[in-house]
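Each remark here refers to the structure printed beneath this line.
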Amino acid sequence: MDFKNKLKRWYSINKRNLPWRVTTDPYRIWLSEIILQQTQVKQGLPYYKSFVKTYPTVFDLANANEEDVLKLWQGLGYYSRARNLHATAKYVASELNGKFPDNYKDLLQLKGVGDYTASAIASFAFNKATAVVDGNVYRVLSRVFGIETPINSSAGIKEFKAIAQSLIDTKDPATYNQAIMEFGSVQCKPKTPDCPSCPFNTICIALQKGQQHLLPVKINKTKVKTKYFNYLVFRDAKGQTLFEKRTQKGIWKNLYQFPLVETEKSLNISDFEQLDLEPYLKDILPFDITLYNAIDKIHKLSHQHLHTKFWIIDTPELPKKAVSIKTIRKYPTSVLINDFINEFKFGL
DNA sequence: GTCCGGTGCT
DNA sequence: AGCACCGGAC
């Protein structure tokens, strides 16, 4: 049996009864698809019901106040969906006589309708053979066929769309589309796929390799944050400095560093003098401050760019916890601090 | 805490 | 291509 027939057999046994699956009314299908974007069935279902009840037709929704629509949407999140929903209802009601477009290309023009939703409505309401590709489809196809192209790359988006389209049942595209998404949602789940009972467990490439959890591949898009670090490099008459353990979680936990002040932006000397350094300087007076590096030293980590300044603070006497500068190389520290120590040499 | 997920905008 | 938008599951 081929992929689509196995899938449809699985679906006929395992499908949930959901109200948008027993209608071909484009309005209700569109409404359900907008609600279900970025939203699980369990969370979206009560909203779907209340929208259908409050606004049984696209004209009812078009005639509503935006505030009332937003109120009904309250709690679902991504509120631009509700604003787009209302705008599209008004457009369909007034410009299209209440008739939704019946094909992928025209559906795509509607506000709030992207590639997935246009394909979904075209197939569910108009029986067009346009394959849907949502998060479930990416997961199922990448695992069953062992496709490692990142799903959030332009190559991956094209590749998965083409594969989905090649697998679709052209005789009954609506059922096929429902089936593959339901399968991804119920059986081929992100964290705990039920492989032992899976109809594809004899052909699934990911299962053969034991790599279900590694697929689909996503490019790490952890955005790089810019942070501004100011290290306070104290020196006293006895050749001591303050060097302390970084105990907070995150980078460099349990490594040693000079006292650190993180700021919102890069500081010049007068900014620095405005800072409230009370917690660092309460036992330390008088002092003289100079900036070691006028240009920020930029230290790059995978997810952070640290713009760093080293402030040299001379003072006659430091508190008891101060350590001899001669000993600081013995402490574990970051490359950033180590490079500074090697470069600055503390005038030695 | 981290992961998950479509569309619109730039 | 990168980011903003939100709430829930785990």
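Values reported hereafter were calculated over all heavy atoms of this structure, with side chains retained and with hydrogens, waters and symmetry mates removed. Keep in mind it's a predicted model, so treat the numbers as computed, not measured. Quick note on labels: first sequence line is chain A, next is B, and so on, each numbered from 1.
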Between A/A155 and A/Q40, just flag the one whose closest nucleotide in DNA chain C comes earlier from the 5' side. A/A155

If you pin A/Q43 and A/S154 to their nearest nucleotides in DNA chain C, which one's is more 5'? A/S154

Between [N] atom [atom2] and [X] atom [atom1], what is the distance in whole Å?
| X | N | atom1 | atom2 | value |
| --- | --- | --- | --- | --- |
| A/I34 | C/dC6 | CD1 | P | 15 Å |
| A/Q38 | C/dA9 | CD | C1' | 15 Å |
| A/L70 | C/dG7 | CG | C1' | 16 Å |
| A/N136 | B/dC4 | CG | P | 12 Å |
| A/I35 | C/dG7 | CD1 | P | 15 Å |
| A/L36 | B/dC4 | CG | C1' | 15 Å |
| A/L85 | B/dG6 | CG | C1' | 14 Å |
| A/W30 | B/dT7 | CH2 | P | 14 Å |

For [Y] together with [X], are the ring centres under 6.0 Å from each other?
| X | Y | answer |
| --- | --- | --- |
| A/F51 | A/W73 | yes |
| A/F3 | A/F145 | yes |
| A/F183 | A/Y11 | no |
| A/W311 | A/Y231 | no |
| A/F243 | A/F258 | yes |

Mind checking if [X] touches a base, just sugar-phosphate, or nothing, with heavy atoms under 4.0 Å?
| X | result |
| --- | --- |
| A/T117 | sugar-phosphate |
| A/Y116 | sugar-phosphate |
| A/R139 | sugar-phosphate |
| A/Q37 | sugar-phosphate |

Is the phosphate of B/dC3 approached by A/K218 (side-chain N or O, under 4.0 Å from OP1 or OP2)?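 The answer is no; no side-chain N or O of A/K218 sits under 4.0 Å from OP1 or OP2.
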
Hey, does the side chain of A/Y79 come within less than 4.0 Å of C/dG7's phosphate (OP1/OP2), counting only N and O?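 Answer is yes, contact under 4.0 Å.
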
For A/E159 and A/T149: C-alpha separation, side-chain torsions, deciding distance, then whether side chain to side chain donor-acceptor pair (under 3.5 Å) applies. CA-CA 8 Å; A/E159 183 176 355; A/T149 314; 2.6 Å; yes

Which pairs, protein N/O on one side and nucleotides 8-10 of chain B N/O on the other, fall under 3.5 Å?
unit_1 : atom_1 : unit_2 : atom_2 : d
B/dG8  : OP1    : A/G112 : N      : 2.2
B/dG8  : OP1    : A/V113 : N      : 3.4

Hydrogens and angles aside, do A/T315 and A/D236 bring a side-chain donor and acceptor to less than 3.5 Å of each other? no

Any donor-acceptor pair under 3.5 Å linking the side-chain atoms of A/T23 with those of A/D25? no

Salt bridge (charged side-chain N to carboxylate O under 4.0 Å, His left out) partner of A/D169, the single match among A/K6, A/K8, A/K4, A/R9: A/K8

Side-chain heavy atoms under 4.5 Å apart, restricted to Ile/Leu/Val/Met/Phe/Trp/Tyr: what other residues fall into the cluster of A/V217, or is it alone? A/L215

Which residues, if any, of residues 177-192 of chain A bring a heavy atom under 4.0 Å of DNA chain C?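 Close to the strand, none.
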
Tell me whether the side-chain N or O atoms of A/Y78 pair up with the base of C/dG7 as donor and acceptor below 3.5 Å, since no angle test is needed here. no

